[in-house]
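Since the structure comes first, as structure tokens, the remarks are kept for the end.
Note on naming: letters A, B, ... go to the chains in the order of the sequence lines (proteins, then strands), and numbering restarts at 1 for each one.
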Amino acid sequence: MVVEEIPKETLLWMYETMVRIRVHEERVAELFAQGKVPGFVHLYVGEEAVAVGIMAHLRKDDFITSTHRGHGHYIAKGGCIKASMAELFGKKTGICKGKGGSMHIADVEIGELGANGIVGGGIPHAVGAALGIKLNGLDSVAVAFFGEGASNQQNFHEGINIASIWKLPVVFVCENNLYQISLPYSKQQTIKSVAERGKAYGIPGVAVDGQDVLAVYEVAKEAIERARRGEGPTLIEVKTYRFRGHFEGDPEVYRSKEEIEWWKNNKDPIKIFEDVLLKKGIATKEELEKMWEKARKEIEEAVKFAEESPWPTKEDVVEDVFSTPTKGVLVWQW
Amino acid sequence: MVVEEIPKETLLWMYETMVRIRVHEERVAELFAQGKVPGFVHLYVGEEAVAVGIMAHLRKDDFITSTHRGHGHYIAKGGCIKASMAELFGKKTGICKGKGGSMHIADVEIGELGANGIVGGGIPHAVGAALGIKLNGLDSVAVAFFGEGASNQQNFHEGINIASIWKLPVVFVCENNLYQISLPYSKQQTIKSVAERGKAYGIPGVAVDGQDVLAVYEVAKEAIERARRGEGPTLIEVKTYRFRGHFEGDPEVYRSKEEIEWWKNNKDPIKIFEDVLLKKGIATKEELEKMWEKARKEIEEAVKFAEESPWPTKEDVVEDVFSTPTKGVLVWQW
Amino acid sequence: MAVVREITFAEALNEALDYEMSKDEKVIVMGEDVGVYGGIFGVTKGLYEKYGSERVKDTPIAESGFIGTAVGAAAAGLLRPVVELMFIDFLGVAYDQIYNQAAKIRYMFGGKAKIPMVLRTTCGAGFAAAAQHSQSLHALFIHVPGLKVVMPSTPYDAKGLLISSIEDDDPVVFIEHKGLYGIKGPVPEEPYSIPLGEADIKKEGKDVTIVATAAMVHKSLEVAKKLEEEGISVEVVDPRTLVPLDVDTILNSIKKTGRLVVVDEGYPRCGFATDIAALAVSKAFDALKAPVKIITPPATPVPFSPALEKEWIPSSEKIEKAVRDVL
Amino acid sequence: MAVVREITFAEALNEALDYEMSKDEKVIVMGEDVGVYGGIFGVTKGLYEKYGSERVKDTPIAESGFIGTAVGAAAAGLLRPVVELMFIDFLGVAYDQIYNQAAKIRYMFGGKAKIPMVLRTTCGAGFAAAAQHSQSLHALFIHVPGLKVVMPSTPYDAKGLLISSIEDDDPVVFIEHKGLYGIKGPVPEEPYSIPLGEADIKKEGKDVTIVATAAMVHKSLEVAKKLEEEGISVEVVDPRTLVPLDVDTILNSIKKTGRLVVVDEGYPRCGFATDIAALAVSKAFDALKAPVKIITPPATPVPFSPALEKEWIPSSEKIEKAVRDVL
Ligand SMILES: Cc1ncc(C[n+]2csc(CCOP(=O)(O)OP(=O)(O)O)c2C)c(N)n1
Ligand SMILES: Cc1ncc(C[n+]2csc(CCOP(=O)(O)OP(=O)(O)O)c2C)c(N)n1
Ligand SMILES: [Mg+2]
Ligand SMILES: [Mg+2]
């Protein structure tokens, strides 16, 4: 897709959002190393163009389901970073009141139906949102994000087939970052592209370079418009790469430093897009630099907010299990 | 495949085995109606050519996994009908000592790894047998039977993908009889043939007319030889039709009498094969009729054996949970 | 007062579904063969004809997929799905979507989501349906926090509890014993609801408390009736909802009688019966005058043969003996 | 006697795997990241290098598929697979293959098949891993007949029990608490086996019995030690295998002390703790001098925040209080 066909504000939003994700993730890596963010943390560095290229087409009343590697999706969908940062710290002001953490960040209000600790777990939820959209006669869409590892799992198969037979407004976005923790893609499947699986469900399957946000934008546009028109689901495989370990603390024994460096040097989605924006005169170096500064400031404010926020209390443990206070639920002790 | 290329004894074995299955199933239908065979009973009438065309290529040291509709597979693999009939009655002399019944008939000795009450449940077991074959350096193969309904279920997807990446000697046989209980195939998938799904796993996918045992024989030959040569799995979709209800007692509100009659009149696998055998002079009408008689006699003997066999006893209930008698397992009562 | 008409357990459930679908467009029914077939046990009969294929959805065999679909539709706030899992035995192909997703989403999201869905399913032995079609696996749902679990024993309770379950904003697992579908009982024509978390004392008594579920309630009542003639007064408590559990009613009964027999068709270990025994010994110890007797099947899969199955299922004789034992 | 070297729980498990693989070609290891990575918790370290990619198999994310593959290979009599399920929390995507297939095949086939396989998995909270990576779901395996369930608490027990589990002809679920991987203890270099079904009295005592599992054994021992100084003598019984259960050792201890506290990290309802309480009240009622105290987490999912999680996990304080309460 030529840059000229995309509104300038969209282009700038895409750049800025990628930067915000990048700055966020690198800061979280530090916070994890400092022991301030506990638990399992899977970062999105290197994959920013996927979330951003897709989310550029989504409205607030569209839905997404995310993964264990979900910060990028949340931010691109419009999630509040203060609230998610406090969540990563486990604070009471967190978007999930400290109960979810990195693997369960969610904001139903903005259509973010949740990260998921179960690989593939969120795929049918997007199908469900799409079913709800259809039965309520809305023109929203739902997008399911998941890794290529998830494409070998039950919910991929069952979820996509259901979406196909019921012709639901849902787009399946497979982030093929070439690894399922330590297992390379070549040992996960004998086919060359997850997109080939679209045919198995009678839906279009498209593969696209995930380091090129404009390419992602283009295939997403078609798939999302198709869904909105009521023509059914599409499977998009976005070829990408994670620049950091599977989770923070990963010794990465399964891939070489050279491989990682090659990707960082040649396929950084932000650098690639920056070159386009500058070459086409859409923004100046200074304008872009300002976005980085702004992002850094935003993230620092979020960190400060998180650090200063109170911890949840003992009483909070037993709240939020059910929607109505219910007697006869054994909360503390026999 | 031309009949001339197939040994006469194989052709006659195929006819006879189809007849034995047919006679068996129709007798079981009666026994069910009389209340002598209890439980859920799913019969194979109309689908005989599938089991027989495949099993013609299998040895005793090959493995199969079967389904809720498993009598045909068991008989074609060489199962003892006396033992299975006693099982259907729930007698102690049954192949599973009365503990399994129709949905769990199994004979590991002849490589029949079991019918299964869970749709798709047996698919990974065939993959496992194939893994064992490969690691032990054997030249056996494993065959997984399942319905088209099962092809939308997790174990189809996960099992076939594993078999593909590990290049295992297994053949996946999908018996597409056009219905998943009441749901027609056209509402289960938007594709036109389950065989198309082979591509999603990088393996061959072949569709074949399941009412023509010679056609089944031919595709099975290629797939099984391929597996034996160590070249990996194949997906075979056999287009077939069940002449009776989903289970005995099915009111069949979901399909018309005309549809059923059409299949019975035009696509009876036994009639179709009989015509070939007679036309080609491979057998005479009398010879074939003898096979029916022999089959009827065999089945009646099995029924007699089952009827005269003793019931299992109270003590049997708690046997066979574990392979070693184990103290500390709560068998009867707190 | 007019005589209340009698209908079957299955019909009572059907009325509840029909009422809820007529009242709220967001209520839909999904599952295998719930449409034209009317449900393999007939519970959804007529709904397809009345509400059409969009709201009564036949699914492929993809339990994880379609239960997950229901979870997503509920979480998105767009639907209130009532999903049928044909046999509780099949939960294993969809369990993650139930216990890790439906049950936990609200909590993980800090209370900021609701999952208004009902998972209807069937349990119970007695039909020579063997090891994978006869189980009573309610303990697997009770164990995991975040699910409400309902298990009615009469047509009246079935209707009122299903209405409450569908109107509840939390995920409810609604378990129907196959042996009860055909039993008849008085059921008002108009809709009514029975609150989740209220046990019902199906028979009052003062010597021994029996806590029993589903089909076992009826066996226990039989025994109670028989013993009554001998002057043994048995109280039969039917919890009806296993989560939330009406702890007070159960404890009060135990405190009154001092003797407890628990009868449940679930497996013996880590089951509902042990749960109630544990409740008694931790919260009503001082009232207990005798060991608690637990009557369940043995720790074996369900055997196929009717000859074996009838030994496997808790019998009236065993219940009766247990009551005598604690006296 | 020479001093026995000390190694970690993870190393002890690794030695058991190595020994079994060296001894029997049919033993293979399968699971996610068990190969080059050496297992996400390092338990399979070095096996890939030593035994190669055919016997140490990295799997795709297809737990139902690969656990089912193990079941089939075992049922066919061709392999003795040791499968790793990375977190016990993931059982829901593979549960059918475990509880309906592995557990029931032998029984359904009338005793004519064996399923020699081990499902290794990890449990336990304390790592801010939240609701889907912190659970202790052993009750879900105990409940279902046909599975043996092992849950060691020390490096010594871990090695001996894993050897026994791999050599057992039945399906064994072997549960490793994540908090124990790093603890050290004496472990002989040579192989040895500990029979399944034998509890271990980790500390003798005469006033109160604590039955505890996995990480809770250590907390209970701490409490026992502390109370010892006050002259309160606590016996700590570690069942080690939950199925089969060493009922005799547990009952004897209860009969000796007359007082029981059960400590378990599983969810409270229909859990292992209620199981033991039920055992006590049905089989040792006359010996009981006080209510049984059950210490488990609350009936909520596992919260992420360390501030919440530390309240959620049973604490030494709670255990101590329970012991004092029953005295
Ligand atoms: C059902 C399930 N199995 C295994 C895991 C452990 N696990 C977490 S992330 C992951 C790899 C996921 O790979 P992929 O889907 O490619 O996503 P990526 O991490 O590469 O973004 C695994 C195996 C899990 N969380 N859930
Ligand atoms: C996991 C699971 N879901 C549902 C069922 C109930 N059920 C038994 S057979 C059947 C239909 C199977 O259809 P198909 O695979 O096409 O086989 P067919 O009966 O047509 O031979 C269903 C839904 C089951 N046994 N297991
Ligand atoms: Mg990946
Ligand atoms: Mg079919």
Is chain A contacted by the side chain of C/Ile67, its backbone, both, or neither, given a heavy-atom distance below 4.5 Å?
neither

Can you give me the closest heavy-atom contact between A/Phe63 and C/Ala76, atom names plus distance?
CE2-CB, 3.7 Å

Scanning both residues in full, the closest heavy-atom pair of A/Gln154 with C/Ser64 reads OE1-OG, 3.5 Å

Pair A/Trp166, C/Lys57 - check side chain to side chain contact (heavy atoms under 4.5 Å, CB included), show working.
CA-CA 10 Å; A/Trp166 294 349; C/Lys57 302 195 83 65; 3.5 Å; yes

To the nearest 0.5 Å, tell me how far A/Asn161 CG sits from C/Phe66 CZ.
12.5 Å

In terms of heavy-atom proximity below 4.5 Å to chain C, should A/Asp107 be classed as side chain, backbone, both, or neither?
neither

Has C/Gln97 got a side-chain atom pairing as donor or acceptor with A/Gly121's backbone, closer than 3.5 angstrom?
yes

Most chain C-contacting option - heavy-atom pairs closer than 4.5 Å, from A/Val127, A/Ile162, A/Thr65
A/Ile162

Which answer fits C/Thr59, side chain, backbone, both or neither, if we ask what part of it has an atom under 4.5 Å from a heavy atom of chain A?
both

Interface moiety of C/Glu25 toward chain A, non-hydrogen atoms closer than 4.5 Å
neither

Can you check side chain to side chain contact (heavy atoms under 4.5 Å, CB included) on A/Asn116 and C/Gln101, steps first, answer last?
CA-CA 9 Å; A/Asn116 213 305; C/Gln101 312 291 341; 2.9 Å; yes

Interface moiety of C/Lys148 toward chain A, non-hydrogen atoms closer than 4.5 Å:
both

Between A/Glu319 and chain C, with a heavy-atom cut-off of 4.5 Å, which part of the residue counts as in contact: side chain, backbone, both or neither?
backbone

What option among C/Leu147, C/Asp248, C/Leu196, C/Ile61 has the most heavy-atom pairs under 4.5 Å with chain A?
C/Leu147

Given 3.5 Å as the limit, does a donor-acceptor pair link the side chain of C/Asp170 with the main chain of A/Ser323, or not?
yes

Heavy-atom pair with the smallest gap, counting every atom of A/Pro124 and C/Gly65
CB-O, 3.6 Å

Please classify the contact of A/Ile165 with chain C as side chain, backbone, both or neither, using a heavy-atom distance under 4.5 Å.
side chain

With side chain to side chain contact (heavy atoms under 4.5 Å, CB included) as the criterion, how do C/Glu54 and A/Lys134 come out once you've worked through the C-alpha distance, each side chain's angles and the decisive distance to 0.1 Å?
CA-CA 9 Å; C/Glu54 284 294 59; A/Lys134 188 175 180 184; 3.8 Å; yes

Has C/Lys112 got a side-chain atom pairing as donor or acceptor with A/Ile95's backbone, closer than 3.5 angstrom?
yes

Hey, are the side chains of C/Met30 and A/Leu131 touching, using non-hydrogen atoms and a 4.5 Å cut-off?
yes

Taking A/Asn136 for the side chain and C/Leu78 for the main chain, is one N or O donor matched with an acceptor at less than 3.5 Å?
yes

Please look at C/Asn100 and chain A and tell me whether the side chain, the backbone, both or neither of the residue comes under 4.5 angstrom of a heavy atom of that chain.
side chain

Under 3.5 Å, side chain of C/Tyr107 to main-chain N/O of A/Phe322, donor-acceptor pair present?
no

Contact leader toward chain C among A/Leu135, A/Val108, A/Thr324, where contacts are heavy-atom pairs under 4.5 Å:
A/Leu135

So what's closer than 4.5 Å to chain A heavy atoms on C/Ile115: side chain, backbone, both or neither?
neither

Would you say CD of A/Glu109 has more than 12 non-hydrogen atoms from neighbouring residues, nucleotides or ligands within 6.0 angstrom?
no

Over 12 non-hydrogen atoms of neighbours within 6.0 angstrom of NZ in C/Lys114:
no

